[in-house]
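Here's the structure, in structure tokens; my notes come after.
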Amino acid sequence: MKKVVMLLTALMLTLSANAQFEEGKVYVGASLTGLDLSYNGAKDLSIGMQAKAGYMIADNLMLLGEVGYDHAGKDAAHIINLGAGGRYYIIQNGIFLGANCKYVHGNNGYNDLMPGVEVGYAFFLSHTVTLEPSLYYQQSLKKHSDYSTIGLKIGFGIYL
């Protein structure tokens, strides 16, 4: 009996997620916790915030725009970034693969173009609100060894 209940619960969660990844849906997201922990060769720790907006151009495929701010602890650098990208939701269960490209500008004269990839999960807290942990990698085109970044993001999203 427990197995049947667990199977039905998993099926219901999959079906509720399915409705959110349909063509025409709008997405708004942010790292509201301010938690964007990462590591690269030039800094030890980065704490940042991002805001995202997206549109589902097809079932399971979203185009995204984003703006962000990072504060690097080692050099006290303030970094602003602006980017565009996309997400593909795998088998409509909330797991997503993302690709993006960001223009990065720092207060110390640092400018870079950084393509990146991420993998994450959209965990639905309600029918439209998600908690979205993800792992990401941003490749620096300026200086790979110092500015390429791997990290963890935890954010919230709203699917309208």
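Note: hydrogens, waters and symmetry copies are ignored here, and every other heavy atom, side chains too, is used. This structure is a prediction, so every number in the text was calculated from the model and none was measured. Along the sequence shown, residues are numbered consecutively beginning with 1.
- Looking at residues two or more places apart in sequence or on another chain, you find a ring pair (Phe, Tyr, Trp, His ring centres under 6.0 Å) between Y159 and F21, Y27, F124.
- Side-chain contact between E118 and R87 is present, with at least one heavy-atom pair separated by less than 4.5 Å.
- No side-chain donor-acceptor contact under 3.5 Å links H78 and N107.
- Residues that satisfy the side-chain contact (heavy atoms from CB on, under 4.5 Å) test with L141, not counting sequence neighbours, are D112, L113, P115.
- In this structure a side-chain-to-backbone donor-acceptor pair under 3.5 Å is present from N81 to G68.
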Self-check item: Stepwise side-chain contact (heavy atoms from CB on, under 4.5 Å) check, N60 with Y88
Solution: CA-CA 6 Å; N60 303 325; Y88 177 73; 4.0 Å; yes
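- Here the straight-line distance linking atom OG1 of T128 with atom NZ of K25 works out to 9.0 Å at 0.5 Å rounding.
- Y121 and F96 get closest at one heavy-atom pair: N-CE2, 3.5 Å.
- M62 CE to K52 NZ: the interatomic distance, rounded to the nearest 0.5 Å, is 9.5 Å.
- A heavy-atom distance below 4.5 Å is not found between the side chains of Y55 and L64.
- Under the 4.5 Å side-chain contact rule for hydrophobic residues, F123 and I154 share a cluster.
- Closest non-hydrogen pair, Q138 versus M114, comes out as NE2-O, 3.0 Å.
- Taking CG of L63 as the start and CD1 of I57 as the end, the distance is 4.0 Å to the nearest 0.5 Å.
- The shortest side-chain heavy-atom distance between L97 and I90 falls under the 4.5 Å cut-off.
- Nearest approach of S134 to G120, heavy atoms of both residues: CB-CA, 3.7 Å.
- A donor-acceptor contact shorter than 3.5 Å links the side chain of D59 to the backbone of E23.
- There is a side-chain donor-acceptor pair under 3.5 Å between Y137 and Q139.
- Side-chain atoms of T130 never come within 3.5 Å of backbone atoms of E132 as a donor-acceptor pair (strictly under, hydrogens ignored).
- Taken to the nearest 0.5 Å, the OH atom of Y136 stands 10.5 Å off from the CG atom of N100.
- Under the side-chain contact (heavy atoms from CB on, under 4.5 Å) criterion, L82 pairs with V67, sequence neighbours left out.
- Residues Y103 and Y110 are members of separate hydrophobic clusters, defined by side-chain heavy-atom contacts under 4.5 angstrom among Ile, Leu, Val, Met, Phe, Trp and Tyr.
- Between atom NZ of residue K102 and atom OG1 of residue T149 there is a gap of 8.5 Å, rounded to the nearest 0.5 Å.
- The hydrophobic clustering, which links ILVMFWY residues whose side-chain heavy atoms are closer than 4.5 Å, places L131 and V119 together.
- Distance check: K143 NZ to S148 OG gives 11.5 Å after rounding to the nearest 0.5 Å.
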